Amino acid sequence: MLLNIYAVLLKKQGFQHWWPGDTDFEICIGAILTQNTTWRNVEKAIGNLKNQSLMSVDALLRAGERKIASIVKPAGFFNQKARYVYDFCKFIEVNPMNKLRKGELLEVRDALLGIRGIGKETADSMLLYALDFPIFVIDAYTKRIFSRIGVCNEDIDYEDIQGVFHKGLVTDIDLFKDYHAQIVMLGKDTCHKTPRCGLCILHKQKICSYRLN
DNA sequence: CGCCAGGGCCTCA
DNA sequence: TGAGGCCATGGC
């Protein structure tokens with residue numbers, strides 16, 4: 001079932017090569033900046049950081065929250081996000097990513113969740129895409145799409161829907177990465193809050209019968 | 001113009 | 001532990 005849906009999305013949309021970002025650190029910063037924000041706006045913020053040579057732990061710590069806030073402004077919620085980025089850097093300063101990569105998944109996850117501004121989705125995005133741990137990322141699109149298919153309710157708890165994927169799929173980092181990417185693509189292009197079922201491959205294949213329009 | 005975007009925190013029951 | 005308010009820019 002889950003694998004079949006992935007196959008359909010893969011065939012339609014192509015392999016996604018996700019997450020966008022030149023380095024693992026940049027992936028983490030992007031994960032923070034994209035909270036409840038379109039990637040288009042995040043790109044501007046990331047571009048600003050790179051232009052000012054601030055895409056590194058040391059440079060960001062030296063810059064400080066005020067400076068970071070002014071630079072990531074296009075990503076929205078910039079005061080909060082500047083604090084989150086700064087706190088994340090303070091954490092990485094003590095726990096470098098190559099050290100985290102050698103840790104136990106759930107312990108590293110708990111450590112990330114202990115940082116102000118890093119919740120479940122952000123932590124799992126970092127774990128999967130930057131640290132290469134096998135954990136499935138759940139986001140608003142995942143809940144929306146799979147509730148419309150009929151797998152769950154849209155307000156299902158994070159760990160509950162994550163468990164559906166962990167139980168229904170083989171533990172494969174590359175599969176987890178690309179499956180989530182496929183979900184985001186479908187969400188951005190088609191499965192909007194107001195659905196565009198006429199464009200949806202899952203509707204065409206009769207996998208989803210949420211609504212005709 | 002109004003709606004919405006790849007969340008998460010804080011507060012208050 | 002669950003609901004509601006808040007954070008903010010930019011595209012459509």
Side-chain angles (χ1 to χ4, degrees), chain A residues 5-6 9 13 15-21 24 26-49 51 65-91 109-131 135-149 152-163 165 176-196 199-200 202 213:
Chain A
I5 292 171
Y6 172 68
L9 293 175
Q13 304 181 142
F15 190 76
Q16 296 297 316
H17 303 282
W18 248 41
W19 182 297
D24 293 336
E26 185 180 324
I27 288 171
C28 293
I29 298 304
I32 293 171
L33 294 180
T34 199
Q35 291 171 0
N36 204 40
T37 302
T38 57
W39 186 255
R40 188 178 202 86
N41 287 357
V42 176
E43 280 182 316
K44 298 175 194 289
I46 288 179
N48 289 347
L49 288 171
N51 287 339
E65 290 185 28
R66 302 289 301 199
K67 173 84 172 164
I68 297 171
S70 70
I71 292 173
V72 302
K73 190 168 271 186
F77 305 127
F78 50 84
N79 287 315
Q80 291 187 41
K81 286 177 180 175
R83 193 173 68 208
Y84 298 167
V85 165
Y86 187 84
D87 285 358
F88 175 71
C89 288
K90 293 296 285 182
F91 174 81
R109 188 175 195 261
D110 283 342
L112 290 173
L113 291 175
I115 304 168
R116 190 171 40 173
I118 299 192
K120 292 169 185 174
E121 183 188 336
T122 307
D124 290 345
S125 296
M126 292 178 177
L127 288 165
L128 178 63
Y129 291 103
L131 298 170
I135 190 161
F136 202 91
V137 177
I138 302 300
D139 62 359
Y141 289 144
T142 313
K143 293 185 181 181
R144 179 187 297 165
I145 291 167
F146 285 86
S147 64
R148 286 174 175 173
I149 291 173
C152 62
N153 294 321
E154 185 153 14
D155 63 353
I156 186 173
D157 286 340
Y158 188 97
E159 265 90 5
D160 290 341
I161 182 63
Q162 187 176 50
F165 284 89
F176 287 5
K177 285 182 178 178
D178 196 55
Y179 203 149
H180 175 66
Q182 299 292 345
I183 288 169
V184 173
M185 288 306 132
L186 186 70
K188 285 209 286 205
D189 294 344
T190 308
C191 201
H192 298 179
K193 197 156 208 173
T194 302
R196 308 166 73 181
L199 301 177
C200 181
L202 299 182
N213 63 355

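Chain letters run A, B, ... following the sequence lines, proteins first, then strands; residues in each count from 1. From a predicted model like this one, the values you see are computed outputs, not experimental measurements.
Rounded to whole Å, the distance from CG on Asp160(A) to P on dG2(C) is 10 Å. Rounded to an integer number of Å, the gap from Asn41(A) CG to dG11(C) P is 6 Å. One interatomic measurement links the two molecules: OH of Tyr158(A) to C1' of dT1(C), which rounds to 19 Å at whole-angstrom precision. Protein atom CD1 of Ile68(A) is 18 Å distant from nucleotide atom C1' of dA8(C), rounded to whole Å. In this structure, Lys143(A) places its NZ atom 10 Å from C1' of dG7(B), rounding to the nearest Å. Taking atom CD of Glu43(A) as the reference point, atom C1' of dA5(B) lies 14 Å away to the nearest angstrom. One interatomic measurement links the two molecules: CZ of Arg40(A) to C1' of dT9(C), which rounds to 13 Å at whole-angstrom precision. dC9(B) atom P lies 19 Å from atom CZ of Phe78(A), rounded to whole Å.
Checking side-chain atoms of Asn51(A) against main-chain N and O of Gly47(A) turns up a donor-acceptor pair under 3.5 Å. In this structure, the side chain of Lys143(A) does not engage the main chain of Ile138(A) through any donor-acceptor pair within 3.5 Å. A donor-acceptor contact shorter than 3.5 Å links the side chain of Asn48(A) to the backbone of Ile71(A).
Between Ile115(A) and Thr34(A), the one whose closest nucleotide on DNA chain B sits nearer the 5' end is Thr34(A).
The side chain of Lys73(A) lies closest to dT9(C), out of dG10(C), dC7(C), dT9(C). Among the nucleotides dG10(C), dC4(B), dC9(B), the one closest to any side-chain atom of Tyr84(A) is dC9(B). Candidate nucleotides dG10(C), dA5(B), dG8(B) were compared by shortest atom distance to the side chain of Lys193(A), and dA5(B) ranks first. Distance from the side chain of Gln35(A) is smallest for dG8(B) among the nucleotides dG8(B), dG11(C), dA5(B). Out of dA8(C), dC10(B), dT9(C), the shortest distance to the side chain of Arg116(A) is found at dC10(B).
Looking at Glu159(A) and Arg109(A), a side-chain N of the basic residue comes within less than 4.0 Å of a carboxylate O on the acidic one, giving a salt bridge.
Within 4.0 Å (heavy atoms only), Ile118(A) reaches sugar-phosphate atoms of the nucleic acid but no base atom. The residue Gly119(A) sits close only to the backbone: its heavy atoms come under 4.0 Å of sugar-phosphate atoms, none of a base. Within the 4.0 angstrom heavy-atom criterion, no nucleotide atom of any strand lies near Arg83(A). Residue Lys120(A) is classed as a sugar-phosphate contact, given heavy-atom separations below 4.0 Å to backbone atoms only. At a threshold of 4.0 angstrom between heavy atoms, the contacts of Asn36(A) include nucleobase atoms, whether or not backbone atoms are also involved. Looking at heavy-atom distances under 4.0 Å, Glu121(A) makes contact with sugar-phosphate atoms alone, never a base.
Phe165(A) pairs in a ring-ring contact (aromatic ring centres under 6.0 Å, His included) with only one of the listed residues (Tyr6(A), Phe176(A), Tyr158(A), Phe146(A)), which is Phe146(A).
For Asp189(A) and Gln13(A), the side-chain atoms include no donor-acceptor pair closer than 3.5 Å.
In this structure, Lys44(A) reaches the dG11(C) phosphate: one of its side-chain N or O atoms is under 4.0 Å from OP1 or OP2.
dC10(B) and dA8(C): their P atoms are spaced 14 Å apart (whole Å).
For dC12(C), the paired nucleotide is dG2(B), the pair qualifying as Watson-Crick or G-U wobble because both relevant distances are below 3.5 Å.
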